Protein chains: 2
Amino acid sequence: MATVSKEDYLSVIFKNLDDKNEVKANVIAEKLSISNAAVTDMLKKLSNEDLVIYEKYKSIKLTENGFLYAKNMVRRHRIWEMFLHQVVGIPWDKVHEEAEKLEHSSSDYLINKIEEMLNFPEFDPHGDPIPAKDLKLPKQKKSVKLSLMKINQKGRVVRVNDFDNEFLSYISKIGIELNAKLKVKEIREFDKSMHILVGNKDWNISQKIADNIFIEIIDKGNL
Amino acid sequence: MATVSKEDYLSVIFKNLDDKNEVKANVIAEKLSISNAAVTDMLKKLSNEDLVIYEKYKSIKLTENGFLYAKNMVRRHRIWEMFLHQVVGIPWDKVHEEAEKLEHSSSDYLINKIEEMLNFPEFDPHGDPIPAKDLKLPKQKKSVKLSLMKINQKGRVVRVNDFDNEFLSYISKIGIELNAKLKVKEIREFDKSMHILVGNKDWNISQKIADNIFIEIIDKGNL
DNA sequence: CTTTTAATTTAAGCTTACTTAAATTAAAAA
DNA sequence: TTTTTAATTTAAGTAAGCTTAAATTAAAAG
Ligand SMILES: [Mn+2]
Ligand SMILES: [Mn+2]
Ligand SMILES: [Mn+2]
Ligand SMILES: [Mn+2]
């Protein structure tokens with residue numbers, strides 16, 4: 001049976017799959033802020049329901065079913081975010097928190113209605129891809145971490161990590177939003193902090209901030 | 001702490017208060033489709049949290065706190081219904097079910113935003129009053145059960161009971177919606193079924209249907 | 001006033017989803 | 001290869017929210 005907890009486990013697993021499509025139990029516990037013991041417990045249950053592949057001491061994989069379920073959760077989450085942002089006018093940094101609850105409390109019927117109303121968006125307010133009704137993911141633009149950009153490079157914000165309110169609220173305040181253009185003016189080797197230009201304003205941001213912002217580089221051809 | 005269960009208990013208690021502002025444990029169990037034993041259990045917990053007044057073998061009352069909490073739940077529920085109906089375009093007979101879940105998964109912040117967007121509606125899609133932010137209830141129009149109307153009386157639908165999908169879907173199909181005008185053409189004493197005119201169409205409805213529709217009588221002065 | 005019936009409570013038990021502490025296993029370092 | 005460390009599992013226990021069955025109490029009927 002589907003419960004709020006199980007749904008959150010599946011989402012977290014899906015979002016943290018590595019290059020081998022696996023996650024460590026470890027990571028799940030950390031992301032959900034619960035003990036490792038609780039994770040072991042739940043993984044056995046999810047395994048019984050054919051949602052994850054669980055073998056003692058090994059990394060976790062999703063089954064076919066688990067993949068579908070997880071992708072549908074991500075779909076629900078991101079459609080809610082888009083709706084809250086675009087239709088209700090909830091700011092960028094508050095939609096994630098609300099969607100984290102709403103995703104468990106809405107029928108597929110409702111999600112489909114909302115999606116239709118939004119005219120089938122491909123990306124959520126943070127630039128993350130929204131799985132379509134058939135659960136296929138739209139292709140994402142190639143992007144690099146802002147922290148990896150070089151001096152004088154220019155780019156466009158195409159995605160930001162959405163898991164920390166304070167981070168989102170802060171970058172919002174310095175003018176960083178989806179599609180915002182920026183330029184790297186200086187990089188201090190000492191702490192890897194950066195001086196960037198957003199619009200016509202200068203800001204100094206830490207490496208940790210820059211690590212969570214993803215940029216599509218604008219090269220000369222694009223100017 | 002507030003959980004989905006507790007919130008549903010409070011809503012059910014509030015909606016079923018009698019003239020003395022009391023409910024029997026009995027009624028709660030029935031409305032929530034759970035055992036009486038479970039209700040006793042939960043009432044003790046709610047009492048410890050100063051939400052209900054519980055004394056062995058006596059009817060249940062709400063405390064001041066309980067009243068406020070319950071009214072806020074009703075507010076959330078009805079604002080969601082209105083939003084789903086008006087903004088998302090979900091039909092009359094499906095909004096209740098969705099709102100029953102969403103009411104537990106939305107912050108007051110979000111509810112207030114939605115209310116604002118709807119321009120502070122006073123009644124939900126079923127004609128039930130929506131508590132305002134200060135939890136005051138708007139005054140309702142005087143109304144009578146359709147089943148109590150007399151032959152040749154005319155009226156306007158001002159409220160319908162919203163707890164049964166099939167009922168709502170059916171009356172929707174025969175043209176009964178909020179503010180619809182109708183006239184009683186015949187009443188069969190045998191089973192109290194009625195012949196009514198809705199718009200320009202005739203329908204025969206059972207007493208049970210007519211019991212759940214509330215009408216503002218239109219007397220000659222109003223024609 | 002006594003009996004019957006209906007409502008309510010108690011008792012015992014279950015599942016879900018957690019916790020902490022201790023034990024085990026696997027992986028990394030020496 | 002052995003040792004150390006880190007990840008994982010097991011064990012025991014808790015709280016929430018249910019269940020059924022049995023016991024108790026209050027209210028209604030006689
Ligand atoms: Mn969630
Ligand atoms: Mn997002
Ligand atoms: Mn509910
Ligand atoms: Mn309603």
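Letters A, B, ... mirror the listed sequences (proteins, then strands); counts begin at 1. Computed from a predicted model, the values in this text were never measured in an experiment.
With D/dT10, D/dT8, C/dT9 as the choices, the nucleotide that has an atom nearest any side-chain atom of A/Lys24 turns out to be D/dT8.
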Footprint string (nucleotides 13-24 of chain C, 5' to 3'): B base within contact, S backbone only, - free, heavy atoms under 4.0 Å: ---SBBBB---B
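More than 12 non-hydrogen atoms from other residues, nucleotides or ligands lie less than 6.0 angstrom from CD of A/Glu7. Within a 6.0 Å sphere centred on NZ of A/Lys61, heavy atoms belonging to other residues, nucleotides or ligands number 12 at most. Counted within 6.0 Å of CD on B/Glu49, heavy atoms from surrounding residues, nucleotides or ligands total more than 12; the atom is thus considered enclosed. Within 6.0 Å of the NZ atom in B/Lys31, the count of heavy atoms belonging to other residues, nucleotides or ligands does not exceed 12.
Rounded to an integer number of Å, the gap from NZ of B/Lys44 to C1' of C/dA11 is 11 Å. Atom CG of B/Leu43 is separated from atom P of C/dT10 by 12 Å (rounded to the nearest Å). The interatomic distance linking A/Ile60 (CD1) with D/dT9 (C1') rounds to 12 Å, in whole Å. A/Glu22 has its CD atom 16 Å from the P atom of D/dA7, to the nearest Å.
A donor-acceptor contact shorter than 3.5 Å is absent between the side chain of B/Arg159 and the backbone of B/Ile213.
A ring-centre distance under 6.0 Å is not found for A/Phe123 and A/Phe214.
When heavy atoms are screened at a 4.0 angstrom cut-off, B/Lys58 is found touching no nucleic acid atom at all.
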